[in-house]
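These values consider heavy atoms only, across backbone and side chains, with no hydrogens, waters or symmetry-generated copies.
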Amino acid sequence: MATYAAIRSSVFRSLLRQGRLPPLSLRAVSSTLLLPPNGVPSPPPVAPPSAPFTSFTGPTAFSFLFSHPSLPSRNFSSDSDVPSNVVLLGSEEELNNAFRKAEDESLPAIFYFTAEWCGPCRFLWPNLKNLTKDLPHITTYKIDIDQEGLGRALGKLNIFSVPTLYFFSEGKKADEVVGADIERIKNISHKLYSK
């Protein structure tokens with residue numbers, strides 16, 4: 001191993017003397033290609049970041065990429081075929097009012113917690129729309145968990161995964177489904193809400 005390293009070193013020196021390698025190249029190449037005497041390469045030095053991530057207070061280039069108005073985006077509520085018994089909630093106040101209605105007025109309701117980026121949610125939504133059409137007397141509240149200002153309410157409700165569905169009947173939460181288990185959702189809905 002040492003002989004191989006010595007040969008490489010002499011080749012680089014000769015190329016440097018002939019002017020075929022600039023001086024910095026030899027230093028950079030020899031530090032990455034030549035092995036130290038113990039035969040274990042050491043990682044290249046890493047420069048520390050100029051500022052810790054926690055010091056960012058304003059908009060960053062990253063946030064610009066995902067929020068700039070000139071970039072195409074899909075509006076969460078732009079679903080063209082939303083049944084009339086589906087209500088889109090966008091604030092903590094609306095969410096609290098909907099829960100109050102379901103509990104205090106004993107109105108049957110389904111609370112569907114979702115996110116635009118969630119693949120299982122996108123898979124579930126067409127089936128859930130069909131289900132809500134079959135149950136027109138049930139209000140389904142659709143809540144995008146990424147809406148600004150919902151974090152505290154979602155934490156109180158223990159919403160940590162999407163899709164999550166809460167089923168309310170007779171003023172209390174009767175059941176819950178986490179995940180896109182369509183058959184279970186249909187069974188619970190028909191058990192609780194079929195006339």
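For Lys133, the salt bridge (Lys or Arg N to Asp or Glu O under 4.0 Å) partners two or more places apart in sequence, or in a different chain, are Asp81. In this structure, Glu170 has no salt bridge (Lys or Arg N to Asp or Glu O under 4.0 Å) partners at least two apart in sequence or on a different chain. Residues satisfying the salt bridge (Lys or Arg N to Asp or Glu O under 4.0 Å) criterion with Lys173, sequence neighbours excluded, are Glu176. With sequence neighbours left out, Asp146 forms a side-chain contact (heavy atoms from CB on, under 4.5 Å) with Ala115, Trp117, Asp144.
A distance-only check finds a donor-acceptor pair linking the side chain of Asn85 to the backbone of Ile138 [under 3.5 Å]. Side chain of Arg184 to main chain of Val177: no donor-acceptor pair is present (N/O by atom type, distance under 3.5 Å, no hydrogens or angles). When atom types are taken as modelled, the side chain of His137 and the backbone of Tyr193 share a donor-acceptor pair closer than 3.5 angstrom.
Residue Glu148 qualifies as open at atom CD: its count of foreign heavy atoms under 6.0 Å is 12 or below. A 6.0 Å sphere centred on CZ of Phe123 holds no more than 12 heavy atoms belonging to other residues, nucleotides or ligands.
Ion pairing between a basic and an acidic side chain is recognised when a charged N comes within 4.0 Å of a carboxylate O; Asp134 and Lys129 show no such pairing.
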Show the numbers, then the answer: is there a side-chain contact (heavy atoms from CB on, under 4.5 Å) between Leu124 and Ile182? CA-CA 7 Å; Leu124 177 62; Ile182 296 167; 3.7 Å; yes

Check against side-chain contact (heavy atoms from CB on, under 4.5 Å), Phe113 and Leu165: CA-CA 6 Å; Phe113 297 91; Leu165 291 95; over 6 Å; no

Full working for side-chain contact (heavy atoms from CB on, under 4.5 Å) between Thr140 and Val87: CA-CA 6 Å; Thr140 300; Val87 178; over 6 Å; no

Please test Ile145 against Gln147 for side-chain contact (heavy atoms from CB on, under 4.5 Å), starting from the C-alpha separation and ending with a verdict. CA-CA 6 Å; Ile145 63 163; Gln147 291 290 324; over 6 Å; no

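Note that CD1 of Ile159 is 10.5 Å distant from CZ of Phe111, once rounded to the nearest 0.5 Å. With rounding to the nearest 0.5 angstrom, the CG atom of Leu135 is 6.5 Å from the CD1 atom of Ile110. For the atom pair CG (Asn130) and CG (Leu128), the distance works out to 9.0 Å, reported to the nearest 0.5 Å. Rounding to the nearest 0.5 Å gives a distance of 10.0 Å between NZ of Lys191 and CZ of Phe167. Here OG1 of Thr114 is found 9.0 Å from CZ of Arg122. Values are rounded to the nearest 0.5 Å.
Cluster annotation: Tyr112 is connected to Val86 through the hydrophobic network of ILVMFWY side chains, with a link wherever side-chain heavy atoms come within less than 4.5 Å. Residues Leu107 and Leu131 are members of separate hydrophobic clusters, defined by side-chain heavy-atom contacts under 4.5 angstrom among Ile, Leu, Val, Met, Phe, Trp and Tyr.
The six-membered or imidazole ring of Tyr141 lies away from that of Phe99, with a centre-to-centre distance of 6.0 Å or more.
Counting heavy atoms from C-beta outward, Leu95 and Leu157 have side chains that approach closer than 4.5 Å. Contact of the Pro108 side chain with the Leu192 side chain is not registered, since no non-hydrogen atoms from C-beta on lie closer than 4.5 Å.
Listed by first and then second residue, the side-chain hydrogen bond (donor to acceptor under 3.5 Å, both in side chains) pairs that reach into residues 89-99 are Glu92-Arg152, Asn97-Arg100, sequence neighbours excluded. Residues in residues 155-168 take part in no side-chain hydrogen bond (donor to acceptor under 3.5 Å, both in side chains) pair, two or more places apart or across chains.
Scanning all heavy atoms of the two residues, the minimum distance from Ala180 to Pro163 falls at N-CG, 3.9 Å.
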